[in-house]
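Below: the structure, in C-alpha cells.
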Amino acid sequence: MHFSRTELQTIAELAKGNTSISTVAEALNKSEKHVYRIVQKLEEKDLAALSSGEIVPRKSTLMVRLTQILDSYPNLIYVLADSGIPILVSLLEAKTVDEIIEETDVKKSTVYALLKKALKISLIKRDGERYVLNERIWREVPDLLREIREKGCLTRECPIIR
C-alpha cells in the first residue's frame with residue numbers, strides 16, 4: 001500500500017479533527033480541488049468518505065492506527081509516504097539493502113534515502129549490513145506494518161481492513 005505525502009497529511013489533519021475540505025485545504029496550503037482528489041484516493045482505499053463537504057474517516061483498524069500514529073508522530077509522514085511502507089514492512093525482519101530491493105522492487109537510491117530518514121529518527125537500527133525496525137522505541141509502527149502485511153495490503157488491491 002502506497003500513500004502520497006498529501007494523503008498522509010490529510011489523514012493527519014483528520015486526526016486533529018479537521019474534517020471540512022476547506023479547513024484541510026487551508027492547513028495543507030492546497031486548493032480545495034486538490035483535497036477533493038486526495039479524498040477520492042482515500043475513498044478508493046476505503047479509508048475515508050466524503051459527505052456534504054466533510055471528510056468522514058472510516059472506522060477500519062488501518063485508519064484508526066494511521067490516525068493515531070500520525071497524530072502522535074506527524075514527522076513519520078515523510079518516512080511512510082510513497083515507497084516507505086513497503087520498505088518498512090520488509091524491515092519487520094532484518095535485511096540487507098540488496099534484500100530490501102529484491103523484496104520491494106524499489107530503486108536502490110530510494111531505499112538508501114528512506115533508510116537515511118528512518119535512521120535519523122531511530123525508526124530503524126543498523127546491525128552491520130542489516131537494517132531492522134527499532135521496535136523498542138516505535139511500538140505502534142511495527143503493529144501497523146504487520147497488519148498491512150498480514151492483510152495483503154502491499155499490493156494496489158488491498159482488502160478492506162476492519
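Since the model is a prediction, treat every value here as computed from it, not as a measurement.
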Only counting residues at least two apart or in another chain, list the ones meeting ring pair (Phe, Tyr, Trp, His ring centres under 6.0 Å) with Tyr73.
Trp138
Check this for me: Glu102, atom CD, are more than 12 non-hydrogen atoms of other residues, nucleotides or ligands nearer than 6.0 Å?
no
Do Leu123 and Leu119 belong together in a cluster built from hydrophobic side chains that touch within less than 4.5 Å?
yes
Distance-minimising heavy-atom pair for Ile55 and Ala48:
CG2-CB, 4.0 Å
Ion pair check, Glu99 and Arg130, cut-off under 4.0 Å
yes
How long is the straight-line distance from CG of Asp98 back to CD of Glu129, given to the nearest 0.5 Å?
9.5 Å
Closest approach of Leu47 and Ser60, non-hydrogen atoms and distance?
CD2-OG, 3.9 Å
Stepwise, does the side-chain hydrogen bond (donor to acceptor under 3.5 Å, both in side chains) test hold for Glu54 with Ser20?
CA-CA 4 Å; Glu54 294 288 317; Ser20 78; 4.7 Å; no
Hey, what do you get for CG (Leu80) to CD1 (Ile87), rounding to the nearest 0.5 Å?
11.0 Å
Show me the donor-acceptor pairs, under 3.5 Å and distance only, between side chains in residues 6-15 and residues at least two apart or in other chains.
{"unit_1": "Glu7", "atom_1": "OE1", "unit_2": "Ser4", "atom_2": "N", "d": "2.7"}
{"unit_1": "Glu7", "atom_1": "OE1", "unit_2": "Lys45", "atom_2": "NZ", "d": "3.0"}
{"unit_1": "Glu7", "atom_1": "OE2", "unit_2": "Lys45", "atom_2": "NZ", "d": "3.2"}
{"unit_1": "Thr10", "atom_1": "OG1", "unit_2": "Thr6", "atom_2": "O", "d": "2.8"}
{"unit_1": "Glu13", "atom_1": "OE1", "unit_2": "Asn18", "atom_2": "ND2", "d": "2.5"}
{"unit_1": "Glu13", "atom_1": "OE2", "unit_2": "Lys16", "atom_2": "NZ", "d": "3.1"}

Where Val35 and Ala25 come nearest, the two heavy atoms and their spacing:
CG2-CA, 3.6 Å
For Leu115 and Val111, run side-chain contact (heavy atoms from CB on, under 4.5 Å): C-alpha distance rounded to whole Å, both residues' side-chain angles, the deciding distance at 0.1 Å, then the answer.
CA-CA 6 Å; Leu115 293 175; Val111 170; 3.8 Å; yes
State whether the side chain of Ser72 and the backbone N or O of Ile69 hold a donor-acceptor pair below 3.5 Å, judged by distance alone.
no
Could you tell me whether Asp46 and Arg58 make a salt bridge, using a distance below 4.0 angstrom between a side-chain N and a carboxylate O?
yes
Distance from Ser52 atom OG to Ile21 atom CD1, nearest 0.5 Å?
11.5 Å
Test your reading of the model: is there a side-chain donor-acceptor pair from Thr110 to the backbone of Val106, 3.5 Å cut-off?
no
Let me see the working for Tyr131 and Val97 under side-chain contact (heavy atoms from CB on, under 4.5 Å), right down to the final yes or no.
CA-CA 8 Å; Tyr131 297 87; Val97 170; 3.7 Å; yes
Are Val39 and Val64 in one and the same hydrophobic cluster, where Ile, Leu, Val, Met, Phe, Trp and Tyr link if side-chain heavy atoms are under 4.5 Å apart?
no
Do Thr104 and Val89 pass the side-chain contact (heavy atoms from CB on, under 4.5 Å) test, and can you show the C-alpha distance, the side-chain angles, and the key distance before you say yes or no?
CA-CA 9 Å; Thr104 62; Val89 166; over 6 Å; no
Grab the two heavy atoms, one from Ser90 and one from Lys95, that are nearest each other, plus how far apart they are.
O-NZ, 2.6 Å
Check Arg149 with Glu147, please: is the shortest side-chain N to carboxylate O separation under 4.0 Å?
no
Look up atom CD1 in Ile124 and atom CG in Leu114, then write down how far apart they are to the nearest 0.5 Å.
7.0 Å
Rounded to the nearest 0.5 Å, how far apart are OG of Ser83 and CD1 of Ile100?
12.0 Å
Quick check on side-chain contact (heavy atoms from CB on, under 4.5 Å): which of Val141, Leu70, Asp143 does Arg65 satisfy it with?
Asp143
Would Tyr78 and Arg5 count as a side-chain contact (heavy atoms from CB on, under 4.5 Å) if you check the C-alpha gap in whole Å, the side-chain angles of each, and the deciding distance to 0.1 Å?
CA-CA 7 Å; Tyr78 304 99; Arg5 185 167 29 114; 3.2 Å; yes
Closest non-hydrogen atom pair between Leu66 and Leu144, with its separation
CD2-CD2, 4.0 Å
How about Glu135: does its CD atom have over 12 heavy atoms from other parts shown lying under 6.0 Å from it?
yes
Specify the closest pair of heavy atoms between Leu91 and Val132, including all atoms of both residues, with the distance to one decimal.
O-CG2, 3.4 Å
Which pairs, with at least one residue in residues 27-44 and sequence neighbours excluded, count as a side-chain hydrogen bond (donor to acceptor under 3.5 Å, both in side chains)?
none
Between CD of Glu140 and CG of Leu145, what distance do you get to the nearest 0.5 Å?
11.5 Å
